[in-house]
Amino acid sequence: MSLRRKEIMVVDDSETNLILLQAVLEDAGYHVVLMDDPIKAVEYIRYSQPDLILLDLLMPDLDGFDFLKRLSNGSDKLTTPVVVVTAYSNEEYYRKAKELGALEIIDKPVNIPSLLNTVNKIIN
């Protein structure tokens, strides 16, 4: 019997951030799905429920706040935990992200041990 690896979706418009997080998370044993388009990420979630979403806040077309709103207001309610990973750390953003359902906020540049600790705590 093989155990399914936990799936983490990373939603970020920065290719650099996607590559970094993919390397770190795959090294830790997770299956990683990269999404540079938050609209496509919303579609993906309708058909496949990842175990965790790491979400950037400031993206073109659909920002992280609107992404969270779509997931919580859609016909398929979000059951996937979301951790916001953002370079724009301020109390207003933190409060708004938490109100929309984010469990944790991680500041960029990402502290890798802290990120892995948070991910492991939420996903396991």
Side-chain angles (χ1 to χ4, degrees):
M1 178 178 111
S2 71
L3 290 172
R4 183 182 77 83
R5 287 193 308 161
K6 299 280 186 169
E7 180 177 290
I8 300 175
M9 175 189 282
V10 181
V11 184
D12 196 316
D13 61 320
S14 162
E15 186 178 359
T16 304
N17 291 335
L18 290 173
I19 292 167
L20 168 72
L21 291 172
Q22 179 179 29
V24 166
L25 294 167
E26 285 182 350
D27 280 353
Y30 295 107
H31 172 69
V32 181
V33 175
L34 301 178
M35 291 283 175
D36 63 359
D37 179 341
I39 295 169
K40 287 183 181 159
V42 170
E43 289 300 312
Y44 179 89
I45 292 165
R46 289 202 174 117
Y47 302 102
S48 176
Q49 285 276 321
D51 297 291
L52 177 67
I53 299 168
L54 297 181
L55 176 66
D56 185 26
L57 283 182
L58 297 182
M59 296 178 285
D61 301 325
L62 184 73
D63 69 18
F65 298 118
D66 288 333
F67 180 91
L68 286 166
K69 284 178 196 162
R70 280 202 188 179
L71 294 180
S72 62
N73 295 335
S75 56
D76 23 33
K77 292 278 186 228
L78 177 66
T79 57
T80 303
V82 176
V83 172
V84 166
V85 182
T86 184
Y88 297 93
S89 53
N90 70 48
E91 287 305 314
E92 174 67 18
Y93 280 9
Y94 287 177
R95 185 188 56 71
K96 188 173 178 183
K98 293 258 184 170
E99 283 175 2
L100 291 170
L103 289 182
E104 299 284 342
I105 316 281
I106 295 175
D107 292 325
K108 292 179 186 174
V110 173
N111 174 308
I112 300 303
S114 176
L115 170 80
L116 288 174
N117 186 38
T118 300
V119 166
N120 292 331
K121 182 178 69 177
I122 290 172
I123 216 167
N124 292 316

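Of all the heavy atoms in Pro50 and Ser48, the pair that sits closest is CD-O, 3.0 Å. Across every non-hydrogen atom of Ala41 and Val11, the tightest pair is CB-CG2, 3.8 Å. The shortest non-hydrogen separation linking Ser114 to Asn111 is N-OD1, 2.9 Å.
In the hydrophobic clustering of ILVMFWY residues, with side-chain heavy atoms under 4.5 Å counting as a link, Leu21 and Leu34 come out together. Note on Met9 and Tyr30: separate hydrophobic clusters, where clusters join Ile, Leu, Val, Met, Phe, Trp and Tyr whose side-chain heavy atoms are under 4.5 Å apart, directly or indirectly. In this structure, Ile8 is a member of the same hydrophobic cluster as Leu18, with clusters built from ILVMFWY side-chain heavy atoms closer than 4.5 Å. When the side chains of ILVMFWY residues are joined at heavy-atom separations under 4.5 Å, either directly or via intervening members, Leu55 and Tyr88 end up in a single hydrophobic cluster. Residues Ile53 and Val85 are members of separate hydrophobic clusters, defined by side-chain heavy-atom contacts under 4.5 angstrom among Ile, Leu, Val, Met, Phe, Trp and Tyr.
Side-chain contact between Arg70 and Ile45 is absent, with no heavy atoms from C-beta onward closer than 4.5 Å. Looking at Val82 and Leu68, their side chains come closer than 4.5 Å, going by heavy atoms from C-beta outward. With contacts defined as side-chain heavy-atom distances shorter than 4.5 Å, the pair Asp61/Pro38 does not qualify.
Taking a 6.0 Å sphere around NZ of Lys98, one finds it holds more than 12 heavy atoms contributed by other residues, nucleotides or ligands.
For the pair Ser72 (side chain) and Lys69 (backbone), a donor-acceptor distance under 3.5 Å is present. Looking at Asp66, its side chain never comes within 3.5 Å of a backbone N or O of Leu62 through a donor-acceptor pair. Judged by distance alone, the side chain of Asp51 and the main-chain N or O of Glu7 form a donor-acceptor pair under 3.5 Å.
Atom CG of residue Asn90 and atom CD1 of residue Ile105 lie 10.0 Å apart, to the nearest 0.5 angstrom. Here the CG-CG distance, from Asp13 to Asp63, works out to 10.5 Å after rounding to the nearest 0.5 Å. To the nearest 0.5 Å, atom CG of residue Asp12 and atom CG of residue Asp36 are 9.0 Å apart. Taking CD1 of Ile122 as the start and CG of Leu103 as the end, the distance is 5.0 Å to the nearest 0.5 Å.
Here Glu43 pairs with Arg46 in a salt bridge; the nearest charged N to carboxylate O distance falls below 4.0 Å.
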(message) Run the side chain to side chain contact (heavy atoms under 4.5 Å, CB included) test on Leu25 and Val10 for me, step by step, so that the C-alpha distance in whole Å, both residues' side-chain angles and the decisive distance to 0.1 Å come before the verdict.
(response) CA-CA 10 Å; Leu25 294 167; Val10 181; 4.0 Å; yes

(message) Let's go through Glu92 and Lys96 carefully: what are the C-alpha distance in whole Å and the side-chain angles of both, what is the deciding distance for salt bridge (Lys or Arg N to Asp or Glu O under 4.0 Å) to 0.1 Å, and is it a yes or a no?
(response) CA-CA 6 Å; Glu92 174 67 18; Lys96 188 173 178 183; over 6 Å; no

(request) Go through Ile106 and Val83 one step at a time and tell me if the side chain to side chain contact (heavy atoms under 4.5 Å, CB included) criterion holds. (result) CA-CA 7 Å; Ile106 295 175; Val83 172; 3.6 Å; yes

(request) Before giving the answer on side chain to side chain contact (heavy atoms under 4.5 Å, CB included), spell out for Leu115 and Leu54 the whole-Å C-alpha distance, their side-chain angles and the decisive distance to 0.1 Å. (result) CA-CA 10 Å; Leu115 170 80; Leu54 297 181; 4.3 Å; yes

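Within the structure, every pair that satisfies the ring-ring contact (aromatic ring centres under 6.0 Å, His included) test and touches residues 49-68, not counting sequence neighbours, is listed here: Phe65-Tyr93.
Looking at Tyr94 and Asp107, their side chains do bring a donor and an acceptor atom within 3.5 Å of each other. Remark: the Tyr44 side chain and the Asp37 side chain contain no N/O donor-acceptor pair separated by less than 3.5 Å.
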